[in-house]
Student: 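Okay, handing you the structure first.
Every chain is numbered from 1 and lettered A, B, ... according to where its sequence line falls, protein lines coming before strand lines.
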Protein chains: 2
Amino acid sequence: MPDQLQLDATTAARLFKALGEPIRVELVGLVRRTEGQEACFCDLADQFDMPQSSLSHHLKILVQAGVLSRERRGTWSWYRVDNAAIDTLAQVLAPGGPLRDSSACCD
Amino acid sequence: MPDQLQLDATTAARLFKALGEPIRVELVGLVRRTEGQEACFCDLADQFDMPQSSLSHHLKILVQAGVLSRERRGTWSWYRVDNAAIDTLAQVLAPGGPLRDSSACCD
DNA sequence: GGCTTGGATTGACATTCGTCGATCCAGTCT
DNA sequence: AGACTGGATCGACGAATGTCAATCCAAGCC
């Protein structure tokens, strides 16, 4: 990936911003480690002591950024981690990526 | 709720937030790809068409978050990428990390 | 000393963002 | 149909953030 850094920066920043809040990092982590890689809203609500509307708001931001995907199955909403988005950021931060020196691996 | 993740989430979110702006992603990338892994303010100012105070502000945020480090050498300020910070995020996003399924690599 | 330059800090402003109660909507059950 | 439930959306509020001009400070030069 050469210097289309301009475009990548916008994309990466959008994803980074979505993860720029501790609760949202925890949410993504929780969904990720849930059996089947997906969790319903009710499960997540049990884990966090915050109003339901706040939780829904943070999930919406993650969905809008493309970090999570939402699917309504019957009564419940299910959330999954979009691995492509995580992969995008991982590549940006990986050794040799735009933000990381290729020679500075795991010091 | 996983308490060990709590601490990590706060740290990770602080770094993510610092990178949650396109200009700052570009700044880090520019510093990283500069000869010697460090760039002075004047070099960076040449690359971006924005007021000097704005640029300084964004750099300060990156420094405060620990993504960049600043060193005043004589008249000029030099910036370097803190590889430990980038490494922290890379590990969070790496396959097997808190946000990434170990089995879901590059689907 | 006074002048100039690189760049950090300040202050004001508008915008965005997080928080949370209140409301609304879609499924489900009776 | 009406009642109930899971969750999304709305609205208001305060706090944080980006932008930029103006100012200030330190280092070099006359």
Student: Spell out protein contact along nucleotides 9-15 of chain D as letters: B when the base is contacted, S when just the sugar-phosphate is, - when no protein heavy atom is under 4.0 Å; keep the 5' to 3' order.
Tutor: B------

Student: Given the rule that I, L, V, M, F, W and Y join up when any side-chain heavy atoms are under 4.5 Å apart, are B/Val63 and B/Leu44 in one cluster?
Tutor: yes

Student: If you measure only the distance, is there a donor-acceptor pair under 3.5 Å linking the side chains of A/Asp43 and A/Gln47?
Tutor: no

Student: Grab the CG-P distance between B/Leu59 and C/dT9 for me, whole Å please.
Tutor: 11 Å

Student: When the nearest nucleotide of DNA chain C is assigned to A/Gly74 and to A/Lys17 on a heavy-atom basis, which residue is associated with the more 5' position?
Tutor: A/Lys17

Student: Which whole-number value in Å describes the distance from B/Leu55 CG to C/dT9 P?
Tutor: 13 Å

Student: Got a sec, which residues hit side chain to side chain contact (heavy atoms under 4.5 Å, CB included) with B/Arg80, two or more places apart in sequence or on another chain?
Tutor: B/Glu38, B/Ser69

Student: Within the pair B/Tyr79 and C/dA8, is there a side-chain N or O less than 4.0 Å away from OP1 or OP2?
Tutor: yes

Student: Could you state the atom-to-atom distance from CZ of A/Phe48 to C1' of C/dT19 in whole Å?
Tutor: 16 Å

Student: Within the structure, does a side-chain N or O atom of A/Thr75 lie under 4.0 Å from either OP1 or OP2 of D/dG7?
Tutor: no

Student: So does A/Ala94 get a backbone contact from the side chain of A/Arg100, meaning a donor-acceptor N/O pair under 3.5 Å?
Tutor: no

Student: Remember a base hit wins even if backbone is also touched, and classify A/Arg73 as base, sugar-phosphate or nothing at under 4.0 Å, heavy atoms.
Tutor: nothing

Student: Between atom CZ in B/Arg72 and atom C1' in C/dA8, what is the gap in whole Å?
Tutor: 7 Å

Student: Does B/His58 have a side-chain nitrogen or oxygen under 4.0 Å from the phosphate oxygens OP1 or OP2 of D/dT17?
Tutor: no

Student: Measure from CZ on B/Phe41 to C1' on D/dC25 and round the result to the nearest Å.
Tutor: 15 Å

